[in-house]
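Inspection log for the structure reproduced underneath, given as structure tokens.
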Amino acid sequence: MGDREPRLTHFDSAGQAHMVDVGGKDETQRLARAEGWLSAAPQTLALIRAGGHKKGDVLGVARVAAIMGAKKTAELIPLCHPLPLTRLEVAFDVTDDGVRCEVTAETRGRTGVEMEALTAVGVALLTVYDMCKAVDRDMTLHGVRLLEKQGGRSGHWQAHQR
């Protein structure tokens with residue numbers, strides 16, 4: 001940020017919320033990667049792995065939900081610009097501790113695609129929760145965060161390793 005004092009860009013000088021003007025920005029290729037976790041009981045994870053849940057393929061449904069969530073981000077987050085997504089990749093990893101979801105979102109536009117990636121992760125994991133809550137109400141979502149962003153004036157950014 002240089003010598004400028006940090007400020008919240010979604011507020012004007014009077015402190016009122018507004019949508020950031022991106023009209024003067026150049027269109028560039030933009031990418032964002034986000035991740036999140038859902039902790040669950042071993043029995044729940046076994047059902048997810050086997051695809052034997054009575055509601056069907058949990059991760060398949062969660063993948064579609066992630067895509068739908070990313071496409072509707074501007075409807076859910078009040079000050080987000082609607083973006084035409086050019087790619088959305090959703091990956092799951094079922095471990096002994098839970099389900100990890102990673103989403104990569106891309107667009108060619110004037111503003112970043114971070115919110116779409118983060119929303120997709122959240123919606124995917126909430127869908128897993130919804131589909132499995134009958135057998136495990138103690139599941140926990142956590143660690144939803146941005147891993148990387150590329151494009152625009154701020155260039156390339158990566159999260160610190162955890």
Side-chain angles (χ1 to χ4, degrees), residues 8-10 22 27-162:
L8 299 174
T9 58
H10 286 88
V22 297
E27 282 195 3
T28 62
Q29 188 65 27
R30 295 168 184 266
L31 174 143
R33 284 187 318 114
E35 73 172 351
W37 288 87
L38 178 133
S39 299
Q43 303 89 326
T44 306
L45 297 169
L47 285 171
I48 293 169
R49 262 192 214 95
H53 191 284
K54 71 178 183 176
K55 290 188 179 182
D57 178 9
V58 172
L59 298 182
V61 174
R63 180 173 283 107
V64 172
I67 294 165
M68 291 174 66
K71 290 164 59 172
K72 293 191 171 282
T73 299
E75 295 174 38
L76 299 168
I77 310 297
L79 301 177
C80 274
H81 293 83
L83 295 177
L85 296 171
T86 57
R87 180 171 82 100
L88 195 83
E89 182 179 317
V90 182
F92 294 101
D93 183 21
V94 182
T95 69
D96 291 339
D97 299 322
V99 178
R100 179 180 179 267
C101 178
E102 183 176 316
V103 170
T104 301
E106 287 190 63
T107 191
R108 178 154 184 84
R110 292 185 165 98
T111 189
V113 71
E114 299 93 339
M115 293 308 300
E116 287 72 12
L118 289 161
T119 299
V121 167
V123 170
L125 295 176
L126 286 168
T127 300
V128 173
Y129 185 98
D130 182 51
M131 294 186 73
C132 297
K133 69 182 183 259
V135 297
D136 185 359
R137 293 198 186 271
D138 204 28
M139 293 175 287
T140 304
L141 277 72
H142 52 97
V144 175
R145 69 182 188 133
L146 185 65
L147 294 172
E148 177 182 18
K149 72 157 287 300
Q150 296 177 23
R153 281 186 244 179
S154 59
H156 188 224
W157 176 88
Q158 282 189 291
H160 293 90
Q161 292 289 339
R162 286 191 181 177

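What you see is a predicted model; the values in this text were computed from it and never measured.
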Shortest non-hydrogen contact between Cys101 and Val90, atoms and distance
SG-CG1, 4.1 Å

Correct closest heavy-atom pair for Ala105 and Leu88 would be CB-CD1, 3.5 Å

If only atom types and distance count, is the side chain of Tyr129 paired as donor or acceptor with the main-chain N or O of Ala124 below 3.5 Å?
no

Just how far is it from atom CZ of Arg33 to atom CD of Gln150, taken to the nearest 0.5 Å?
8.5 Å

State the CG-CG distance between Leu125 and Asp130, to the nearest 0.5 angstrom.
12.5 Å

Between atom CD of Glu102 and atom OG1 of Thr104, what is the distance when rounded to the nearest 0.5 Å?
5.0 Å

What pairs of donor and acceptor atoms, side-chain ones from residues 34-47 against any protein atom, are under 3.5 angstrom apart with sequence neighbours left out?
unit_1	atom_1	unit_2	atom_2	d
Glu35	OE1	Arg100	NE	2.9
Glu35	OE1	Arg100	NH2	2.9
Glu35	OE2	Arg145	NE	2.9
Glu35	OE2	Arg145	NH2	3.3
Ser39	OG	His142	NE2	2.6
Thr44	OG1	Asp136	OD2	3.0

Return the CE to CZ distance between Met68 and Arg63, rounded to the nearest 0.5 Å.
15.0 Å

Considering all heavy atoms, the nearest Leu141-Gly122 contact:
CD2-O, 4.4 Å

Hey, which of Lys149, Arg87, Arg30 is the one that makes salt bridge (charged side-chain N to carboxylate O under 4.0 Å, His left out) with Glu106?
Arg87

So, using side chain to side chain contact (heavy atoms under 4.5 Å, CB included) as the criterion, who are the partners of Val123 when residues are at least two apart?
Ala65, Thr119, Thr127

Using 0.5 Å steps for rounding, measure from the CD atom of Glu114 to the CG atom of Leu31.
9.5 Å

Looking only at heavy atoms, what is the nearest atom pair of Leu83 and Gly112, with distance?
CD1-O, 3.2 Å

dist Met131:CE -> Leu126:CG (nearest 0.5 Å) comes out at 13.5 Å

List the steps and the verdict of side chain to side chain contact (heavy atoms under 4.5 Å, CB included) for Leu146 and Trp157.
CA-CA 10 Å; Leu146 185 65; Trp157 176 88; 3.7 Å; yes

Going through the checks in order, is the side chain to side chain contact (heavy atoms under 4.5 Å, CB included) test met by Thr86 and Gln29?
CA-CA 10 Å; Thr86 57; Gln29 188 65 27; 4.1 Å; yes

Which residue pairs pass the salt bridge (Lys or Arg N to Asp or Glu O under 4.0 Å) test when at least one of the two sits in residues 116-125, sequence neighbours left out?
none

Could you tell me if the side chain of Val99 sits less than 4.5 Å from the side chain of Val58, heavy atoms only?
no

